[in-house]
Number of protein chains: 2
Amino acid sequence: MASMTIIDIAKICGVGVTTVSRAINNHPDISEETKAMIMKVIKENHFVPNNSARNLKRSASKTIAVLIKGITNPFFNRMIQVFEKEIQRKKYSFILQRVDENQDEIEVAIELEKEKRLKGIVFLGGYFSHVKEKLEQLTVPYVLSTIGMTPEFDPQEYSSVSVDDFKESYKMVDYLCRLGHQKIAILTAPMSDVSIGKLRYEGYKQALADHGIPLNEKLVCCMKEQIESYSMENGYVVTQELLASGEEFTALFAVSDSLAVGACKAIFESGKSVPDDYSVAGFDGLDITFYYHPSITTIRQPVEEIAEETIRILFDLINKKMTHAHKIFPGELMIRDSTIPYKE
Amino acid sequence: MASMTIIDIAKICGVGVTTVSRAINNHPDISEETKAMIMKVIKENHFVPNNSARNLKRSASKTIAVLIKGITNPFFNRMIQVFEKEIQRKKYSFILQRVDENQDEIEVAIELEKEKRLKGIVFLGGYFSHVKEKLEQLTVPYVLSTIGMTPEFDPQEYSSVSVDDFKESYKMVDYLCRLGHQKIAILTAPMSDVSIGKLRYEGYKQALADHGIPLNEKLVCCMKEQIESYSMENGYVVTQELLASGEEFTALFAVSDSLAVGACKAIFESGKSVPDDYSVAGFDGLDITFYYHPSITTIRQPVEEIAEETIRILFDLINKKMTHAHKIFPGELMIRDSTIPYKE
DNA sequence: TTGTAGGCGTTATCAA
DNA sequence: TTGATAACGCCTACAA
């Protein structure tokens with residue numbers, strides 16, 4: 001039989017559609033017994049309400065969408081879990097929407113906002129270089145979570161939660177310098193990057209400068225554009241080239257953990273060792289850095305706290321408790337087995 | 001200003017709503033110039049059509065949904081990419097819907113089918129033990145991709161694409177036996193599991209039997225229920241317990257690569273070595289098995305082929321070219337550095 | 001506590 | 001090539 005509607009159910013039950021609607025939506029104005037009867041009929045006939053119709057009619061729904069760019073990143077998994085938990089705790093429902101690499105997240109957001117009558121949006125990952133005019137089409141509050149922003153964006157215009165990529169990167173390179181390393185290679189985003197890749201690279205440069213180490217451009221290795229960015233493969237390939245170049249270095253800082261894993265592999269394959277021949281450090285705090293052998297020194301981003309704070313700010317915005325907020329969490333330098341002091 | 005509708009646009013343009021609709025949907029019956037004019041107005045006013053209304057009205061849309069259980073699994077990333085590419089190539093649009101661990105994927109599917117007027121569904125991951133009655137509520141074709149099915153399901157009732165988990169598991173354990181290993185531990189799903197975990201365990205048992213090796217239950221290690229299943233952490237914790245138990249073994253077969261990585265870590269931490277003290281093998285063919293040090297022997301599932309075939313079958317079903325199909329792909333035994341012959 | 005009727009924004013039908 | 005109008009399935013004043 002063709003799909004049932006609320007009208008069919010009403011007919012079968014011998015009641016009006018309103019009553020059925022009330023039963024479905026747990027409205028108070030309905031007697032327990034009619035409700036039970038209706039629900040029974042619904043079960044028996046496998047009636048499922050059509051969400052499109054509901055969304056169309058509803059003026060507002062209690063739902064939050066999380067838009068995530070690059071779902072590949074294992075770093076987001078934990079965050080999504082926290083988002084879901086926190087959003088459900090607030091009795092809101094939760095939509096996870098993947099945004100393709102070559103899709104515009106704002107356009108997706110605008111469309112989704114209308115379709116689902118969203119109450120708020122979380123943007124996760126990606127670069128976020130959008131014109132103000134476009135952002136203004138978003139009529140519900142939104143928070144950028146772990147998204148590096150270039151400074152030309154007016155902080156008054158948006159809210160965000162993240163670590164200070166510049167500072168944390170600095171922290172790591174500073175640590176490597178203090179171990180006595182002077183020739184520190186970096187594996188980073190292409191120079192065209194404007195987001196976290198750039199921020200972390202700037203931290204590297206600053207740390208070197210503060211230690212009186214001149215920048216050696218031959219030790220600045222950029223990911224290949226044609227390979228998935230921040231992937232193990234990219235780290236592997238780029239490190240192979242670095243090793244083949246013959247340029248000397250004693251430590252390698254990869255701006256993401258996956259890159260670091262790929263780098264380690266390239267080093268091992270060349271017959272060298274981590275950390276005896278090269279110290280290697282990553283960034284993010286992925287689980288794999290703990291499980292890799294040797295375990296990999298990294299900057300752990302406090303994902304749970306970041307996710308929780310993101311939701312807290314979003315709801316404050318929704319409840320109009322504030323206009324905009326920016327929260328920066330400190331990262332944690334996890335010293336592991338992949339980095340050791342420089343030895344002559 | 002409040003959100004625009006197609007009526008507002010029609011008024012501004014001085015045309016009827018139908019004409020606007022035609023412009024939006026690239027209908028043939030409209031002159032190029034009015035269309036251009038309308039599109040210009042739409043751009044200027046940032047009009048975005050409401051999807052709920054479209055879905056409600058449309059009788060059918062060319063869209064395929066991929067429902068994925070346990071988005072954590074990195075194994076799915078590549079598959080999703082292929083799905084997206086193939087679906088777009090067919091000029092269909094693609095929806096990725098995450099299904100929570102404690103959600104019923106069929107119910108999600110039924111709801112989504114109505115909401116989005118789906119043409120077809122792909123189920124990815126999970127266990128899939130559903131009653132026939134429920135499956136029958138799905139009125140569009142669907143394909144199970146890389147989902148282990150217990151034999152009691154009638155193959156006439158559904159379509160599927162996967163590897164033969166039993167056979168591939170057998171292949172791996174057989175290989176370990178041929179290396180001379182006799183005491184082979186397995187890291188597998190809890191015995192209550194009915195899906196791939198069970199199938200892979202059965203393959204292990206059969207291979208041991210065929211080599212005349214009695215099953216030692218102390219070497220059958222089940223994942224902890226309270227830890228994320230098939231995770232590195234689970235492999236780590238369970239292997240620590242195995243090592244602590246003092247039960248002797250020379251090889252360890254983990255039914256997933258992530259478990260294998262965790263196992264390796266536990267072994268290294270105990271002061272032992274892979275592969276010198278213990279050979280370790282995984283299953284799935286994740287990238288990390290190549291990048292780990294030592295690289296990990298595994299069964300590679302041909303993800304691209306599986307994904308492509310899934311879509312091919314789905315479209316054959318949609319176009320009524322067949323009733324049901326089951327495609328089994330062979331896995332590939334990737335012999336790496338984590339397994340070596342048994343030495344006295 | 002229950003039912004009737006109108007409208008959410010779009011597309012499809014049909015007539016102009 | 002265009003436009004008026006009736007659905008699509010549901011929710012919600014408002015009336016009973």
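So you know, we letter chains A, B, ... as the sequences are listed, proteins then strands, and number each from 1. Side-chain atoms are counted along with the backbone in the values below, which use heavy atoms only and exclude waters and symmetry mates. Please read all numbers here as calculations on a predicted model, not as lab measurements.
The NZ atom of B:Lys11 sits 12 Å away from the P atom of C:dG9 (whole-angstrom rounding). For the pair B:Asn55 CG and D:dA7 C1', the interatomic distance rounds to 16 Å; values are reported in whole Å. Nucleotide C:dA12 holds its P atom 14 Å from the CD1 atom of B:Ile30, rounded to whole Å. Going from atom CG of A:Asn51 over to atom C1' of D:dC8 covers 15 Å, rounded to whole Å. Atom CD1 of B:Ile7 and atom P of D:dA4 are 11 Å apart (whole Å). The NZ-C1' distance, from B:Lys114 to D:dG9, rounds to 10 Å in whole Å. Look at CE on A:Met37: it is 15 Å from P on C:dT1, rounded to the nearest Å. Atom CD in B:Glu115 sits roughly 12 Å away from atom P in D:dC10 (whole-Å rounding).
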Show the distances under 3.5 angstrom between N or O atoms of the protein and N or O atoms of nucleotides 12-16 of chain D.
from   : atom 1 : to      : atom 2 : distance (Å)
D:dT12 : O4     : A:Thr18 : OG1    : 3.4

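Between A:Asp104 and A:Lys134, at least one side-chain nitrogen of the basic residue sits less than 4.0 Å from a carboxylate oxygen of the acidic one, meeting the salt-bridge criterion. Under the 4.0 Å criterion applied to side-chain N and carboxylate O atoms, B:Arg22 and B:Glu32 are not assigned as salt-bridge partners.
Within 4.0 Å (heavy atoms only), B:Asn50 reaches sugar-phosphate atoms of the nucleic acid but no base atom. Across all strands shown, B:Leu56 has heavy atoms under 4.0 Å from base atoms, whether or not it also approaches the sugar-phosphate. Within the nucleic acid shown, A:Ser52 has no heavy atom closer than 4.0 Å to any nucleic acid atom.
For the pair A:Arg54 and D:dC10, the criterion of a side-chain N or O lying under 4.0 Å from OP1 or OP2 is not met. Checking the phosphate oxygens (OP1, OP2) of C:dG3, a side-chain nitrogen or oxygen of A:Thr19 falls inside 4.0 Å. B:Ser31 has a side-chain polar atom (N or O) that falls below the 4.0 Å cut-off from OP1 or OP2 of D:dT2.
In terms of position on DNA chain D, the residue among A:Ile6 and B:Gly14 whose nearest nucleotide sits closer to the 5' end is B:Gly14.
The backbone N or O of A:Ser52 lies less than 3.5 Å from no partner atom in the side chain of A:Asn55, so there is not a single donor-acceptor pair.
A:Ser160 approaches A:His326 most closely through the heavy-atom pair OG-ND1, 2.8 Å. Heavy atoms only, all atoms of each residue included: B:Ala109 and B:Phe123 are closest at CB-CZ, 3.7 Å.
When each of D:dT2, C:dT10, D:dG9 is scored by its nearest atom to the side-chain atoms of B:Pro49, the top-ranked nucleotide is C:dT10.
Every side-chain contact (heavy atoms from CB on, under 4.5 Å) that B:Asn319 has, sequence neighbours left out, goes to B:Phe315, B:Lys321. For B:Glu33, the side-chain contact (heavy atoms from CB on, under 4.5 Å) partners are B:Ser31, not counting sequence neighbours.
Rotation axes derived from the C1' atoms of the five outermost pairs at either end of the helix from C:dT1-D:dA16 to C:dA16-D:dT1 lie 30° apart, to the nearest 10°.
Sorted by first and then second residue, the pairs that involve residues 74-84 of chain B and meet salt bridge (charged side-chain N to carboxylate O under 4.0 Å, His left out), not counting sequence neighbours, are A:Arg98-B:Glu84, B:Arg78-B:Glu304. Residue pairs satisfying the salt bridge (charged side-chain N to carboxylate O under 4.0 Å, His left out) criterion with at least one member in residues 44-62 of chain B, sequence neighbours excluded, are listed as follows: B:Lys40-B:Glu44.
By the 6.0 Å and 45° rule, B:Lys327 stacks over the aromatic ring of B:Phe329.
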